[in-house]
Amino acid sequence: MLEVKKVGIISCSGEECAGGGISRLAARHVLESTRPGRTVTICLPLFLAGGEEERYFARTFPTITVDGCEKRCAFRATEKLSGHVTKALTVSDILGAESAAAPSFSQRQLNPELERKIDTVSTALTEAVDEIMGKPAAAEHLLKPTVPPAGMRLL
Ligand code: SF4
């Protein structure tokens, strides 16, 4: 069986509702804090614009999409342009449609309630990574993020 070394996380780039911002910040938290070294991200706009490395990555490695709302732009784009999505999460499924559809926010407007929501989505995303790769060994969470493969970038 092929060993899974990295999981690609593709978050939507929604700016018009809170769900988009929550999905992006939750993805960043997983990449930087909960599962560094096990996850890489793919820039959705570049992916849509035809970035070959991004499409190659999503064809080759397991991918998790995390979308702000039920329109599921990241999921639909990935399935259309690259292939099968291993797991698809949606903020509106996790937090409810009302939370996802709330007005968008800037980093300066972050408050404890929004942070709790980001944390909830980040936990779901972390569990999805572990379902694909297995739980990390006890000390693995101490690893720093590795340099991503050429053409890949961390958020
Ligand atoms: S999934 Fe929803 S929040 Fe994300 S980009 Fe699409 S419409 Fe916007």
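Side chains included, hydrogens not; waters and symmetry mates left out as well; all remaining heavy atoms used. Both ligands and their constituent atoms are indexed starting at 1 by order of listing.
Residue Ser23 forms a side chain to side chain contact (heavy atoms under 4.5 Å, CB included) with just one option from Ser122, Cys69, Ser11, Ser92, and that option is Ser11.
In Arg72, the part holding a heavy atom less than 4.0 Å from any atom of ligand 1 is the backbone.
The single protein non-hydrogen atom nearest to atom 8 (Fe) of ligand 1 is Gly14 CA, 3.6 Å, given as residue, atom name and distance. Looking only at protein heavy atoms, the nearest one to atom 4 (Fe) of ligand 1 is Cys12 SG, 2.4 Å. The protein non-hydrogen atom at the shortest distance from atom 3 (S) of ligand 1 is Cys17 SG, 3.6 Å.
Taking a cutoff of 4.0 Å between a charged side-chain nitrogen and a carboxylate oxygen, Asp130 and Lys135 qualify as a salt bridge.
Atom 2 (Fe) of ligand 1 has an N, O or S atom of Cys69 closer than 2.8 Å. Distances from atom 6 (Fe) of ligand 1 show that Cys73 has an N/O/S atom below 2.8 Å.
Shortest non-hydrogen contact noted between Ser99 and Leu95 is OG-O, 3.6 Å.
Atom-to-atom distance recorded for Thr39:OG1 and Arg28:CZ is 12.5 Å, nearest 0.5 angstrom.
Surrounding CD of Glu16 are at most 12 heavy atoms belonging to other residues, nucleotides or ligands under 6.0 Å away.
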